[in-house]
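Remarks on the structure that follows.
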Amino acid sequence: MITVSLPDGSERELPAGSTALDLAASIGSGLKKAAVAATVNGIDTDLTTEVADGDVVAIITNNTDEGRHVLRHSTAHVLAQAVTLLYPGAKFSIGPAIENGFYYDFDLPDDQTFTEEDLGTIEKKMKEIVKANQPFTRSEHSMAEAKELFADQPYKVEIIERVESAGADDLDAGEVSGDVISAYRNTDEFVDMCVGPHVPSTGKLPWFKLQKVAGAHWRGNESGKMLQRLYGTAWESKQALADHLHQLEEAAKRDHRKLANELDLLSFPQELGGGLAVWHPKGAIIRKLMEDYSRLRHETGGYEFVYTPHLANGKLFETSGHLQWYADGMYPPMEMDNGTYYMKPMNCPMHCLIFKGRQRSYRELPLRLFELGNVYRYERAGTLHGLLRIRGFTQDDSHIYCTKEQLADEIASLLDFVLSVLRAFGFEDFTFNLSTKDPEKYVGSDEIWEEATAALKSAIESHGLEYQVKEGDAAFYGPKIDIDVRDAIGRSWQLSTIQADFQLPERFELEYVGADNERHRPIMLHRALFGSIERFFGVLIEHYAGAFPTWLSPLQVRVLPVAEAHEEHVEKVVGELQGAGVRVDWVKADVGLGKRIRTAKMEKLPYVLVVGDDDVAANTVGVNLRHDMVEEGQDDVERDVPLATFIERFRAEVDNAATAALNA
RNA sequence: GCCCUCUUAGCUCAGUCGGUAGAGCACAGCCAUGGUAAGGCUGGUGUCGUGAGUUCGAUUCUCACAGAGGGCUCCA
């Protein structure tokens, strides 16, 4: 007998030669069923591994993140086997588990490609493999043996050779670890190189679904061969799979492109060109509110407003360096009789010209220039994505020129500012990323990088905020803080950015006169809170699922007369609401009330007021709230509310939202 | 830019194995005058993304281009 200890500290006796799976079975049949792998003395391993006397063993179950990772990875092997059966000669490269699922990259013979229809066939073949309950059998090999074993899988051989030459990287990590190559065999024909662990057999993997076919460059390199990637999702139970698929459907319903169209907010006319939007009246109301709010905050926040043109002489972008580094991302030149002009991809060079417009004193610093600046970037066709990646957009852009000594304070107050603005739009959950110097690509002295990075860091820390450091992720011109927000359904979006810049002040030879009467070079901060108005609006649509809070709703109230006889009175009600600053309309009673209510609901209006005989008599309204505004246990309809009472409540709600936003 | 897919009425989509097209919603007219999520009847609606090729004939097949979707790469 041997004795192993469990994570809770308890010990268990088992016959010698027992496996981790035997241990699970000895604890309970439920555990045996849920077990997918084990951790023995801190190392993840297969359930079929024998445990030894004194081992510390934890069973990994399928309803944990770790367990799902194992079953997703195992499902990827099933996918690879199915593809090799259906497409003889198919080469497979890598197939890791990812968040919520897995993928596998293939290179099909004779330039064959997968289409969406093939997914069904492949899925069917995978189900057969699951039904056959094939074992995952681990074996270990020397490099030479492994190359022999995978002789007809060139991508695997390439990985082995990279390991041999000690050049393996993160991309290879799922395939190989250490000097010994491990492989998992399902059948006589199918074996895949993999570090494991895996489930004991394919029968453990029934709850998966193939989702999409995509292209992917070999080794994530744009010049690498284009492989065919299949994505799938896999879960521990039928319910978990169904829940996940349901969640995806819910997310799809929030898609800002779909909602922008349905709610008539904006569109991307084909005639306009890719990645360019036109804002319709309803979208424009929201945009104007966002801009008004932003301007108000900047006005009270110590910023000076500037305006700069949409295009500029190319010489400006030579000075700024944009033409040197980002010409590909700019709209092509316009040759004029007095020079070559470009659409501006950024506002900073022009703000630098304003700084440089006259001699500056340290007494003016920090100088904060603000502009809602329209910029144009020729994003590559394949990267466009609704409002989230667009070619013409508006930055709530500011450039702050300050002294080295002012940097830390400036950044700290910026963080307060950013958070308060984001909170006004309903975001509560933030993640901070500090990007540090890329040792391969940077300008400026090491000292100034260190100082600025320390300033950014201490600003975050002094706010008691959690953050992640992204080593080497900074732009070449300075370190930065990016702020991700979490939306209503838990997705994360990068919005705000605060970037130090040591480059542009040099290139534009910006100077101020210090207290010492000497000339000094200022430090420049770039920062955007929304990031771009367009992108922020896209995220906002998805965050609220199109049901904007009342203060942002394009139309806040709709009044519905029950019958024609009430229309005259309704016009008076509407007039009174308009007088109270409500964005309101009304609809004639020539279709059924139920139908008109339904239409208003589909338009996601916060308030629908119904006016009938009683209301005309008593100057009241029936108040119908949008679903998400109804509080727990409250009825969504309240009858006989005096109009004055409704207006009072409405003003309290909207004014609160606006003032709360301002005071946040 | 690269791989796969797609583009038909205002919207969502069906369809034509090559003979110029349909549904629901929306819209218009008439009827119904109705207190909280689709009242009834009738009707109109299309350069079938753009251009070229093959063909007696192309919305359908081929190619190019544009736009979109899913990915890869990229994102100052």
Touch check for [X], heavy atoms < 4.0 angstrom, all strands: base, sugar-phosphate only, or nothing?
X        : answer
A:Asp614 : base
A:Gly594 : sugar-phosphate
A:Asp590 : base
A:Lys601 : base
A:Tyr103 : nothing
A:Ala214 : base
A:Thr115 : sugar-phosphate
A:Gly220 : sugar-phosphate
A:Glu379 : nothing
A:Phe476 : nothing
A:Arg229 : sugar-phosphate
A:Glu262 : nothing

In terms of ring plane angle, is the pair A:His385 and A:His256 parallel, tilted or perpendicular, where the classes change at 30° and 60°? tilted
- Query: So A:Trp218 and A:Tyr155, would you call those rings parallel, tilted or perpendicular, with 30° and 60° as cut-offs?
  - Reply: perpendicular
Take atom [atom1] of [X] and atom [atom2] of [N], then tell me their distance rounded to the nearest Å.
X        : N      : atom1 : atom2 : value
A:His569 : B:rG35 : NE2   : C1'   : 14 Å
A:Arg377 : B:rC74 : CZ    : P     : 17 Å
A:Asp482 : B:rC75 : CG    : P     : 13 Å
A:Asp105 : B:rG71 : CG    : P     : 14 Å
A:Arg596 : B:rA38 : CZ    : P     : 13 Å
A:Met602 : B:rA37 : CE    : P     : 13 Å
A:Leu119 : B:rU5  : CG    : C1'   : 11 Å
A:Phe106 : B:rG71 : CZ    : P     : 18 Å

Q. Does A:Tyr376 or A:Val616 map to a spot on RNA chain B nearer the 5' end, using the closest nucleotide for each?
A.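 Its nearest nucleotide lies further toward 5', so the answer is A:Val616.
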How far, in whole Å, is [M] from [N] if one measures between their [atom1] atoms?
N      : M      : atom1 : result
B:rA58 : B:rG53 : P     : 11 Å
B:rU20 : B:rG57 : P     : 15 Å
B:rA52 : B:rU60 : P     : 13 Å
B:rU59 : B:rG46 : C1'   : 11 Å

For A:His569, the ring-ring contact (aromatic ring centres under 6.0 Å, His included) test, sequence neighbours excluded, returns none
Would you mind checking if [Y] and [X] are paired as a salt bridge, meaning a charged N to carboxylate O distance below 4.0 Å?
X        : Y        : answer
A:Lys253 : A:Glu250 : yes
A:Arg527 : A:Asp501 : no
A:Lys282 : A:Asp264 : no
A:Arg162 : A:Glu158 : yes

Both distances under 3.5 Å, Watson-Crick or G-U wobble: report the partner of [N], or none.
N      : value
B:rA28 : B:rU42
B:rA23 : B:rU12
B:rC6  : B:rG67
B:rC72 : B:rG1
B:rU55 : none

Between [options], which nucleotide has the shortest distance from any of its atoms to the side chain of [X]?
X        : options                : result
A:Ala563 : B:rA76, B:rU73, B:rU33 : B:rU33
A:Met226 : B:rG35, B:rC3, B:rA76  : B:rC3
A:His217 : B:rG71, B:rU73, B:rA76 : B:rU73

Regarding [N], can its base be found pairing with the side chain of [X] as donor and acceptor, where the two atoms are less than 3.5 Å apart?
X        : N      : answer
A:Arg598 : B:rU36 : no
A:Arg389 : B:rC74 : yes
A:Asp615 : B:rG35 : yes

Might you point out which heavy atoms bring A:Arg391 and A:Gly274 nearest each other, and give the distance in Å?
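For A:Arg391 and A:Gly274, the tightest heavy-atom pair comes out as NH1-O, 3.4 Å.
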Any sub-3.5 Å donor-acceptor pair from A:Asp396's side-chain atoms to A:Leu529's backbone N or O? yes
Just N and O in the side chain of A:Asn624: are any of them under 4.0 Å from OP1 or OP2 of B:rG35? no
| Think A:Lys595 has a side-chain N or O under 4.0 angstrom from the OP1 or OP2 of B:rG40? | no
ask   = Centres of the A:Tyr342 and A:Tyr376 rings: under 6.0 Å?
value =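 Distance test on ring centres: not under 6.0 Å, no.
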Mind listing the N/O atom pairs, protein and nucleotides 60-69 of chain B, below 3.5 Å?
unit_1	atom_1	unit_2	atom_2	d
B:rA66	N3	A:Gln270	NE2	3.3
B:rG67	OP1	A:Gly274	N	3.1
B:rA68	OP1	A:Gly275	N	3.2
B:rG69	OP1	A:Arg257	NH1	3.0
B:rG69	O3'	A:Arg257	NH1	3.4

